[in-house]
Amino acid sequence: MVTVLIIGLKQLHINILKSKFKGIKFTAINHEGQYTNLPRGNNFNFVFNLTRFSNHVVHNEYKDHKGYECIEGGRSILINSLKAKLA
């Protein structure tokens with residue numbers, strides 16, 4: 001199973017992604033959790049950081065992950081990136 005960490009997306013949007021991509025296990029962190037106790041990057045195939053909704057601490061934590069991608073936008077851009085990665 002493909003595992004994906006998404007940073008900065010609200011739970012409502014994560015639920016939409018879960019319904020669109022059944023074969024992916026999503027983990028989400030956002031500013032409501034204050035970006036503390038960040039999960040280890042090596043537990044995920046891909047890490048997507050929605051830069052408008054995160055900070056430099058989060059970026060520095062995951063920037064060296066081979067599947068790390070910064071997204072400047074919201075859910076629709078993330079969906080396109082996910083489709084491209086899974087193709």
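All values below were derived from every heavy atom in this structure, side-chain atoms included, with hydrogens, water molecules and symmetry-related copies excluded. The model shown is predicted, which means the values in this text are computed figures rather than measured ones.
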For residues 14-25, tabulate all N or O donor-acceptor pairs below 3.5 Å that involve a side-chain atom, not counting sequence neighbours.
residue : atom : partner : partner atom : Å
Asn15   : OD1  : Gln11   : NE2          : 3.1
Asn15   : ND2  : Gln11   : O            : 3.4
Ser19   : OG   : Ile16   : O            : 2.7

When rounded to the nearest 0.5 angstrom, what is the spacing between CD in Glu69 and CG in Leu50?
10.0 Å
Nearest-0.5 Å distance that lies between atom CD1 in Ile6 and atom CZ in Arg75:
11.0 Å
Any side-chain heavy atom of Pro39 sitting closer than 4.5 Å to one from Phe44?
yes
Nearest atoms (heavy-atom pairs only) where Glu72 meets Thr51
CG-OG1, 3.5 Å
Just wondering, do Val4 and Val2 contact through their side chains at under 4.5 Å, heavy atoms?
yes
Hey, are the side chains of Cys70 and His59 touching, using non-hydrogen atoms and a 4.5 Å cut-off?
yes
Could you check if a side-chain atom of Leu82 sits within less than 4.5 angstrom of a side-chain atom of Phe26, using non-hydrogen atoms only?
yes
Only residue of Ile71, Asn49, Ile29, Asn30 satisfying side-chain contact (heavy atoms from CB on, under 4.5 Å) with Ser54 is Asn49
The reported gap from CG in Leu86 to CZ in Phe46 (rounded to nearest 0.5 angstrom) is 6.0 Å
Under a 3.5 Å distance rule, please check whether Thr3 uses its side chain to pair with a backbone N or O of Asn45 as donor and acceptor.
yes
Looking at His65 and Gly41, would you say the former's side chain and the latter's main chain have a donor-acceptor pair under 3.5 Å?
yes
Mind jotting down which residue pairs meet the salt bridge (Lys or Arg N to Asp or Glu O under 4.0 Å) criterion with at least one end in residues 42-64? Sequence neighbours excluded, please.
none
Check: Leu5 and Tyr62 side chains under 4.5 Å, non-hydrogen atoms
yes
